[in-house]
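All remarks here apply to the structure that follows.
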Amino acid sequence: MPVLTKKFVYISDLKKHEGQQVVLQGWVQNRRDSKGIVFIVLRDGTGFIQCVILEDVIGVELFDKVKRLGLESSLRITGTVKTDEKQTGGYEIQADAVEIFSEAEEYPIGKKDHGVDFLLSRRHLWLRSKKQWAIMRIRNQIIYSIHNFFQNRGFVQMDSPIFTGNAVEGTTNLFETEFFDQPAYLSQSGQLYGEAMAMAMGKIYTFGPTFRAEKSKTRRHLSEFWMIEPEMAFYDLEMDMDVIEDFIRTVVGDVIEKCKEELAIIERDLTKLETVVKPFPRILYDDAVSIIRGEKDVDGKNAIKTLEQDLENIKTRISEIKTDIEIREQSLKQAGLKKGVIAFNEEKVRQLKLELKDLEEDERNIPNWLESAKNFKRGEDFGGSDETVITRMFDTPIMVYNWPKAVKAFYMKEDAPGIAKGVDVLAPEGYGEIVGGGERETDINKLLEAIHHHQLPMEAFEWYLDLRRFGSVPHSGFGLGLERIICWVCKLPHVRESIPFPRFVGNLFP
RNA sequence: UCCUCAGUAGCUCAGUUGGUUAGAGCAUCUGACUGUUAAUCAGAGGGUCCCUGGUUCAAGUCCAGGCUGGGGAGCCA
């Protein structure tokens, strides 16, 4: 292996070195060769750059080796930074010298598309690919922005325990483990501990892992995910919603401003994100139900009719695609076609079939969603499809508040009888719930009653009740699912792509 | 747990009403090409058609049961 040097440059800094000779170190992202010339797209974690290597410059023996390098081989390239309009970054490297760290074995992730299943089983390598690189950089920006947002506003970060002796809300399945011969559970929320800390610090936020043992197999569930839970003393529900709105607007705004290259790589439609500058509609649960049931229009649009129209559009599109596929397959049967034409059409057919599969899935699902929306019973919690139905009406996140007490956690503040001062934030484009929060109950007697009613073990909550015994004050907070907001910001098809190593039922490796 | 879709080469997929020796692209290997952008072109190797049983002269294809995976419902961020 070559001797290490401190004098190397990152691809992201190349614009400072235009016309100069630099040393780059990284991995082969792609390689193309012709007689006497090799093009290597090098990646170093900060970006991608094409390097041009000539046989005349590096000599026959080394050239022969470089020409055969497998994908993801590691190397150092010394060369001159040149402007080239054809390159995405605007630069390329004319190589003067090449040193090989390691020649890679046959790389399992090829240049063509793969299924998610296969890619997840190689997640440790998949993370190197361009799109995943962009997603992980956006994830990093979101994490950074979240800390900035709260730190700039005087919130104190706290870590809540991961081993807990009780289930916070008593409803969901928890991972059971053992804590020195006692049964213990992996935390499903830092909420209650956050409340305690808010009484000590005024404003706090947690940022940590959360565990849920439900065997959910959907594109928006993980067994292990990261949650941000702020808690503020002397804040009511309205002030809570003000914070949530400011928070989401700031974080998404930061990503738009600072991740332009990454957003371009994942081909995100920015106009869909830029709407976060608009006020988020605040909708009473009661009104939301009316909208879902199609009894109340939004700006002249009816939720049920919109969804029925969506279904019609999908059916039209399905028959269009089927015709298109048939025409292309017929034309492929002709003799004497050029190879390029065949490849183009075969690829097109493949893409159309993938799209068709998704659309047919929707075609099967939407009638059920329509049925469920029309028959939605006032007093129930929203299902995933109900969220889709209502968010379809808006182009910004919406906040639905004042929920039936029965469907919310025991610690939610009761406003009018049977009404809890909770709020759910639903993201647009079908992403649904990204935030759940609300104002907390201050009255110890109502809490005692709620704990009984939910059949929770009183002794586990004694310490929590102390927060009401010693200087109870109105306070509020919320929980944000990190992976859920990443999914929406990046418009990912699946939450599994939003975290480096996803954990979900049946997936413990890598 | 229920509903639904799928399983064919290392990967992504095609395979007609059951009918010769199961195909293509990518990847790999050999060769050509001095500006390629998933480079291209010529050639080669590569198969437990998920498993078990059944129908049939004949099964990748039809039937039954099972296994594995995707999506949806429930639950939720």
Side-chain angles (χ1 to χ4, degrees), chain A residues 29-41 48 50 52-56 63 68 70-71 84 86-88 92 94 105-122 130 169 171-173 188-189 191 210-223 225-229 329 332-333 339-340 342-344 346-347 349-351 353-354 357-358 360-366 368-369 372 381-385 387 407 409 424-427 431-437 478-488 493-496 498 505-507:
Chain A
Q29 203 251 335
N30 198 5
R31 189 208 70 222
R32 294 173 284 271
D33 67 89
S34 191
K35 189 182 169 85
I37 187 167
V38 174
F39 301 93
I40 283 179
V41 177
F48 304 83
Q50 172 165 284
V52 185
I53 299 157
L54 294 170
E55 185 174 12
D56 295 346
F63 183 83
R68 283 160 215 284
L71 295 185
D84 182 4
K86 277 185 284 182
Q87 304 307 319
T88 35
E92 72 172 11
Q94 199 69 43
E105 293 175 21
E106 187 184 334
Y107 194 59
I109 300 177
K111 296 181 201 175
K112 272 216 170 178
D113 286 346
H114 296 278
V116 185
D117 221 25
F118 173 80
L119 290 167
L120 269 175
S121 73
R122 307 285 147 80
K130 213 166 187 173
E169 301 175 20
T171 49
T172 49
N173 286 325
Q188 61 148 340
S189 165
Q191 153 84 47
T210 305
F211 308 89
R212 306 269 165 99
E214 285 115 5
K215 289 182 178 170
S216 300
K217 280 167 59 172
T218 80
R219 53 184 86 205
R220 56 183 192 284
H221 285 91
L222 290 170
S223 306
F225 61 96
W226 290 71
M227 191 150 69
I228 294 92
E229 293 179 288
E329 284 184 335
L332 279 170
K333 283 177 186 165
K339 207 164 178 184
I342 294 172
F344 176 81
E346 281 180 344
E347 175 60 20
V349 165
R350 209 180 61 80
Q351 279 176 10
K353 282 188 179 173
L354 278 177
K357 229 175 168 180
D358 277 352
E360 283 174 340
E361 184 101 45
D362 287 341
E363 193 188 19
R364 280 192 298 270
N365 284 330
I366 290 180
N368 298 331
W369 296 357
S372 140
D381 203 354
F382 292 176
S385 65
E387 292 178 359
V407 301
D424 279 3
V425 179
L426 309 179
Y431 282 93
E433 188 172 357
I434 55 173
V435 166
F478 61 92
L480 167 88
L482 178 63
E483 286 74 20
R484 290 245 177 118
I485 197 170
I486 293 170
C487 263
W488 165 51
H494 206 297
V495 72
R496 287 167 196 177
S498 67
V505 57
N507 194 312

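Just so we're on the same page: letters track the sequence lines, and every chain starts at 1. Since the structure is predicted, the reported quantities are computational estimates derived from the model, not experimental observations.
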With rounding to the closest Å, how many angstrom separate the P atoms on B/A64 and B/A27?
41 Å
Pick base, sugar-phosphate or nothing for A/E483, based on heavy-atom distances below 4.0 Å to the nucleic acid.
nothing
Looking only at side-chain N and O atoms, does A/R68 come under 4.0 Å of OP1 or OP2 in B/U30?
yes
For A/Y107 and B/A27, is the gap between ring centres under 5.5 Å while the planes differ by less than 30°?
no
I'd like to know if A/H114 reaches the base of B/C11 with its side chain such that a donor and an acceptor end up less than 3.5 angstrom apart.
no
So what does A/F225 hit on the nucleic acid, given a heavy-atom distance under 4.0 Å: a base, only sugar-phosphate, or nothing?
base
Closer than 3.5 angstrom, by distance alone: can the side chain of A/E483 be matched with the main-chain N or O of A/R496 as a donor-acceptor pair?
no
So which nucleotide does B/G65 pair with, by the Watson-Crick or G-U wobble rule with both distances under 3.5 Å?
B/C51
Got a donor-acceptor pair under 3.5 Å from the side chain of A/S216 to the base of B/C75?
yes
Quick check for you: among B/U37, B/A77, B/A27, whose closest atom lies nearest to any side-chain atom of A/E106?
B/A27
Test for a donor-acceptor pair under 3.5 Å between the base of B/C11 and the side chain of A/R122, counting only N and O atoms.
no
Pick the C1' atom in B/U17 and in B/A59, then give their distance to the nearest Å.
14 Å
Please state how far atom CZ in A/F39 lies from atom C1' in B/C33, giving the value in whole angstrom units.
12 Å
To the nearest Å, give me how far apart CD1 (A/I37) and P (B/U37) are.
12 Å
Under 3.5 Å, side chain of A/R31 to main-chain N/O of A/V38, donor-acceptor pair present?
no
Taking atom P in both B/U48 and B/G23, what distance in whole Å separates the two?
15 Å
Side chain to side chain contact (heavy atoms under 4.5 Å, CB included) test vs A/Q50 passes for just one of A/Q29, A/R32, A/K86, namely A/R32
Should the side chain of A/E105 and the base of B/U28 be counted as holding a donor-acceptor pair, with the cut-off at 3.5 Å?
no
Using atom P in both nucleotides, what's the gap between B/C13 and B/G18 to the nearest angstrom?
25 Å
With a 4.0 Å cut-off on heavy atoms, is A/D84 in touch with a base, just the backbone sugar-phosphate, or nothing at all?
base
Taking any heavy-atom pair under 4.0 Å as a contact, classify A/Q50: base, sugar-phosphate, or nothing.
base
Side chains of A/F225 and A/R212, heavy atoms from C-beta outward: is any pair under 4.5 Å?
yes
Short side-chain N/O contact from A/R219 to OP1 or OP2 of B/A77, under 4.0 Å
no
So do A/I434 and A/W488 actually touch side chain to side chain, heavy atoms under 4.5 Å?
yes
Contact class for A/D33 vs. all strands (heavy atom < 4.0 Å): base, sugar-phosphate, or nothing?
base
Taken to the nearest whole Å, CG/A/D117 to P/B/G69 is 9 Å
Considering only the C1' atoms, how many Å lie between B/U4 and B/U28, rounded to the nearest integer?
38 Å
Report yes if a side-chain nitrogen or oxygen of A/H494 is closer than 4.0 Å to either non-bridging phosphate oxygen (OP1 or OP2) of B/G71; otherwise report no.
yes
Paired nucleotide for B/A27 [Watson-Crick or G-U wobble; both distances under 3.5 Å]:
none
Quickly work out the A/R32 CZ to B/U36 P distance and round it to whole Å.
10 Å
Along nucleotides 44-49 of chain B, 5' to 3', which nucleotides get a B, which get an S, and which get a -, given that the test is a protein heavy-atom distance under 4.0 Å?
------
C1' gap between B/A22 and B/G46, integer Å:
14 Å
Spacing between A/L119 atom CG and B/A27 atom P, to the nearest angstrom
16 Å
Using a heavy-atom cut-off of 4.0 Å across all strands, would you classify A/E92 as base, sugar-phosphate, or nothing?
base
Closest approach of A/S189 to A/T210 (non-hydrogen atoms, all atoms of both residues):
N-CG2, 4.1 Å
note: A/I53, atom CD1; B/U37, atom P; distance rounded to Å ~ 17 Å
Hey, is the main chain of A/F382 close enough, under 3.5 Å, to the side chain of A/E387 for a donor-acceptor pair?
no
Could you work out the separation of B/G71 and B/C11 based on their C1' atoms and round it to a whole Å?
22 Å
Spacing between A/F118 atom CZ and B/C26 atom C1', to the nearest angstrom
12 Å
For B/C75, take OP1 and OP2 only and decide whether either is under 4.0 Å from a side-chain N or O of A/K215.
no
Under a 3.5 Å limit on both distances, the Watson-Crick or wobble mate of B/U4 is B/G70
Is A/V116 touching bases, backbone alone, or none of the nucleic acid, heavy atoms closer than 4.0 Å?
nothing
With a cut-off of less than 4.0 Å, is there a side-chain N or O of A/R496 near OP1 or OP2 of B/G71?
yes
Of the listed nucleotides B/G74, B/C33, B/U37, the one nearest the side chain of A/T218:
B/G74
Where is the tightest heavy-atom contact between A/H114 and A/L119, given as atom of each residue plus distance?
CB-CG, 3.7 Å
Determine whether A/D33 and A/F39 make a side-chain contact, defined as any pair of heavy atoms from C-beta on separated by less than 4.5 Å.
no
So, does A/R220 use its side chain to make a donor-acceptor pair with the main chain of A/Y431 at under 3.5 Å?
no
Go nucleotide by nucleotide along RNA chain B from the 5' end; which of A/S34 and A/V505 gets its closest nucleotide reached first?
A/S34
Contact class for A/T88 vs. all strands (heavy atom < 4.0 Å): base, sugar-phosphate, or nothing?
nothing
Heavy-atom pair of closest approach, residues A/E229 and A/G479
CG-CA, 3.9 Å
Counting the atoms with a prime plus P, OP1 and OP2 as sugar-phosphate, which does A/L222 contact under 4.0 Å by heavy atoms, base, sugar-phosphate, or nothing?
base
Out of B/C76, B/G72, B/G35, which nucleotide sits closest to the side chain of A/D381?
B/C76
Atom CD1 of A/I109 and atom P of B/A38: how far apart are they, to the nearest Å?
18 Å
Nearest-angstrom distance, P atom, B/C63 to B/G19
15 Å
